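Please read these numbers as outputs of a predicted model, since none were measured by experiment. Throughout, a chain's letter reflects where its sequence line sits, starting with A, and its residues are numbered from 1.
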Amino acid sequence: MIWNTYKSWIRSYRDLPLLINQWANVVRWEMRTRLFLRTAEFLWQEGHTAHATSAEAMEEARRMLDVYSTFSEEWMAMPVIKGIKTANERFAGAVETFCIEALMQDGKAIQAGTSHFLGQNFAKAFDVTFANKENNTEYVWASSWGVSTRLIGALIMAHSDDKGLVLPPKIAPVQVVIVPIYKNEELRIAINEKAIAIKDELKAHGIIVKYDEDERQTPGWKFAEYELKGVPLRMGIGPRDLESQTVELARRDDLTKSTVSMQGLPQLILNLLDEIQTSLYNKALSFRDANITTVETFDEFKKVLDENGGFISAHWDGTSETEIKIKEETKATIRCIPLDNPLQEGKCIYSGRKSMQRVLFAQAY
RNA sequence: CGGGGUGUAGUACAGUUGGCAGUAUGCCUGCUUUGGGAGCAGGAGGCCGCAGGUUCGAGUCCUGCCACCCCGACCA
């Protein structure tokens with residue numbers, strides 16, 4: 001559809017570049033679905049662009065890969081490896097497929113986003129041409145890219161623990177929840193007043209805060225509930241706090257608690273939220289890096305896959321044949337050839353043939 | 001589509017050789033509680049997936065059907 005439209009819209013170089021983005025609900029037949037990761041119906045964003053030159057289209061594909069990786073890392077606190085897909089894993093019709101790969105806590109990899117340099121393949125297939133400055137007819141150069149609600153699944157699996165969801169502050173729908181603790185009606189009113197004042201103060205500083213004054217649940221119940229829901233920061237205000245002009249802050253990421261003064265709360269909390277965001281990212285990054293194993297032999301490869309999982313950095317002879325055989329024997333695929341991959345001569349772990357670089361293998365979602 | 005499993009209270013499950021339908025949790029009422037999913041007492045709640053069959057008697061045994069879950073092949 002996009003390309004049929006392109007055909008009617010594009011006449012000359014003055015029409016280029018053409019950048020289209022659409023959000024679409026997609027329905028696909030799936031043999032087997034997986035919650036969030038592979039659902040029969042899902043929402044995605046797809047971009048399609050047409051350019052006058054190859055370099056421009058390539059630049060666009062790379063730019064979007066950066067947009068996706070920045071979002072993953074800085075907002076979702078989920079480190080990703082930017083890379084190129086092998087011919088085998090490449091999107092049909094693409095000249096080059098780029099991807100961002102993340103590692104989940106169970107040791108399996110997930111593709112979090114992808115962008116493609118399509119060359120002139122689609123232009124030729126749909127006959128989309130333009131007149132260049134010299135009035136010569138040329139096929140347009142294209143890129144496409146997308147992410148989907150699969151990111152939600154990745155987010156959940158990247159950070160959550162046995163107590164439930166853990167959300168990075170920058171995308172948490174509620175960043176701070178205030179839980180009042182009281183023994184009688186008189187205290188309830190006093191604490192209520194204080195809590196509302198604090199809530200308003202935090203709100204004025206742009207913090208997304210919820211005050212849970214529901215009287216039907218005990219504080220303990222609320223503590224557990226908000227942990228389950230992944231609220232980054234919980235603030236408890238009770239009689240003792242009222243007495244000493246303090247509040248109790250509990251971090252969701254490391255489950256630590258501290259008692260702090262009511263003075264200067266907004267700035268303290270803004271700092272804490274930043275710290276949680278950074279800490280979540282660093283924790284995921286350490287985990288990821290600790291689970292990239294370099295191997296030299298296929299036996300080692302299988303052992304690591306079996307006992308540890310994660311990414312495996314190994315030499316590969318560059319053939320689809322070898323890649324497919326490894327997949328058949330181990331279910332592991334080449335997730336990507338990292339963009340900044342150093343060239344290094346070696347021997348393919350499977351065929352023993354000459355290899356120019358290591359690539360990243362993993363079992364993937 | 002192939003292989004495996006499960007259907008019993010709102011939810012999660014137990015139910016022996018065929019013999020009164022159970023436990024936990026949740027729910028309702030009351031009192032005491034409230035700084036980590038409160039305690040005690042009392043109470044309500046069931047087409048045992050559906051349809052047949054065997055039997056004096058079926059949650060339990062037999063036959064057929066239906067639904068859901070897991071694994072595999074497909075895929076982002």
Side-chain angles (χ1 to χ4, degrees), chain A residues 24-47 65 68 72 80 85 88-94 97-102 104 108-116 144-155 157 162-164 177-192 194-195 212-229 231 234-244 246-252 255-260 324 327-328 331 333 335-336 362-365:
Chain A
N25 238 37
V26 185
V27 174
R28 283 189 186 170
W29 168 252
E30 293 292 348
M31 293 275 197
R32 234 160 85 66
T33 56
R34 209 180 218 303
L35 195 62
F36 289 114
L37 304 183
R38 191 173 303 109
T39 43
E41 182 177 12
F42 60 96
L43 178 66
W44 82 359
Q45 162 275 123
E46 55 177 321
L65 193 71
Y68 292 151
S72 289
V80 292
K85 285 291 189 190
N88 217 29
E89 299 275 323
R90 189 153 59 211
F91 171 62
T97 288
F98 301 98
C99 63
I100 50 173
E101 293 284 330
M104 301 294 99
K108 288 174 83 172
I110 189 168
Q111 178 176 308
T114 182
S115 75
H116 314 284
S144 74
W145 21 271
V147 292
S148 76
T149 36
R150 164 173 256 217
L151 282 178
I152 307 281
L155 178 75
M157 292 196 295
D162 288 349
K163 287 180 181 292
V177 63
I178 303 176
V179 176
I181 300 148
Y182 43 82
K183 293 192 198 306
N184 54 50
E185 185 62 11
E186 190 188 343
L187 275 168
R188 189 185 72 78
I189 291 167
I191 287 164
N192 204 38
K194 201 76 204 176
D212 188 347
E213 53 186 318
D214 194 331
E215 292 173 44
R216 293 171 301 182
Q217 259 89 33
T218 61
W221 193 92
K222 292 175 185 174
F223 293 174
E225 183 70 5
Y226 291 110
E227 272 163 9
L228 196 64
K229 290 180 174 172
V231 177
R234 184 186 74 236
M235 180 187 298
I237 308 178
R240 292 206 300 266
D241 296 304
L242 210 56
E243 193 70 27
S244 57
T246 58
V247 297
E248 181 187 72
L249 292 177
R251 287 170 62 151
R252 179 62 184 91
L255 300 168
T256 59
K257 288 191 269 198
S258 59
T259 300
V260 302
I324 289 166
K327 183 180 179 180
E328 278 170 0
K331 287 178 196 160
T333 51
R335 300 319 302 157
C336 71
Q363 287 181 350
Y365 279 106

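Rounded to whole Å, the distance from CG on A:Asp212 to C1' on B:U34 is 14 Å. The nearest whole Å value for the distance from the CG atom in A:Leu255 to the C1' atom in B:G37 is 15 Å. When rounded to the nearest whole Å, the span between CD of A:Gln111 and P of B:A76 equals 8 Å. Separating the NZ atom of A:Lys183 from the P atom of B:G39 is a distance of 17 Å, rounded to the nearest angstrom. In this structure, NZ of A:Lys194 is placed 22 Å from P of B:G35, rounded to the nearest angstrom. A straight line from CZ of A:Arg234 to P of B:G36 spans 9 Å, rounded to a whole angstrom. Counting to the nearest Å, the C1' atom of B:U29 and the CZ atom of A:Arg216 are 17 Å from each other. Regarding A:Arg34, its CZ atom lies at a distance of 12 Å from the P atom of B:A73, rounded to whole Å.
Both tests do not hold together for A:Arg252 against A:Tyr226: distance to the six-membered ring centre under 6.0 Å, angle to the ring axis within 45°.
B:U29 and B:U8 are spaced 28 Å apart, taking the P atom of each and rounding to whole Å. Using atom C1' as the reference point in both B:U60 and B:U55, the two lie 13 Å apart (nearest Å). Between B:G35 and B:G72, the two P atoms lie 45 Å apart (nearest whole Å). Comparing B:U25 with B:G42, their P atoms are spaced 15 Å from each other, to the whole Å. For the P atoms, the distance from B:G7 to B:C13 is 9 Å, rounded to whole Å. Straight-line distance between the C1' atoms of B:C20 and B:G57: roughly 12 Å, to the nearest whole Å. For the P atoms, the distance from B:G43 to B:U23 is 13 Å, rounded to whole Å. Between the C1' atoms of B:G46 and B:A14, the separation comes to 15 Å (whole Å).
A:Phe42 comes within 4.0 angstrom of a nucleotide base, judged by non-hydrogen atoms across all strands. At the heavy-atom level, A:Leu37 lies under 4.0 Å from base atoms of the strands shown. The residue A:Thr39 sits close to a base: some heavy atom pair falls under 4.0 Å. Nucleic acid contact for A:Asn184: none, since no nucleic acid atom lies under 4.0 Å from a heavy atom of the residue.
Pairs of Watson-Crick or G-U wobble type, with distances under 3.5 Å, assemble into runs of 3 or more in RNA chain B at these ranges: B:1-7 with B:66-72, B:10-13 with B:22-25, B:27-32 with B:38-43, B:49-53 with B:61-65.
Enclosure of atom NZ in A:Lys194 is not indicated, since only 12 or fewer non-hydrogen atoms of other residues, nucleotides or ligands lie within 6.0 angstrom. Other residues, nucleotides and ligands contribute at most 12 non-hydrogen atoms within 6.0 Å of the CD atom of A:Glu243.
Taking for each of A:Ala364 and A:Arg240 the nucleotide of RNA chain B with the nearest heavy atom, the 5'-most of the two is the partner of A:Arg240. Comparing A:Ile181 and A:Thr218 along RNA chain B, the residue whose closest nucleotide (by nearest heavy atom) sits nearer the 5' end is A:Ile181.
Closest contact between the side chain of A:Arg28 and the listed nucleotides B:A76, B:G35, B:G37 involves B:A76. Each of B:G35, B:G36, B:C74 was ranked by its minimum atom distance to the side chain of A:Glu227; first place goes to B:G36.
Within the 4.5 Å cutoff, the side chain of A:Gln217 has no heavy atoms near those of the A:Glu225 side chain. Counting heavy atoms from C-beta outward, A:Arg28 and A:Phe42 have side chains that approach closer than 4.5 Å. Between A:Glu101 and A:Lys85 the shortest side-chain heavy-atom distance falls below 4.5 Å. Looking at A:His116 and A:Arg90, their side chains never come closer than 4.5 Å, going by heavy atoms from C-beta outward. The closest side-chain heavy-atom distance from A:Tyr365 to A:Gln111 is not below 4.5 Å.
One distance of note links CZ of A:Phe223 with CZ of A:Arg234; it measures 4.5 Å at 0.5 Å rounding.
One N or O donor and one acceptor, one from the side chain of A:Lys257 and one from the base of B:G36, sit under 3.5 Å apart. For a distance-only test at 3.5 Å, the side chain of A:Gln217 fails to qualify as a donor-acceptor partner of the base of B:G37.
Side-chain N/O atoms of A:Ser148 include none lying less than 4.0 angstrom from OP1 or OP2 on B:A76.
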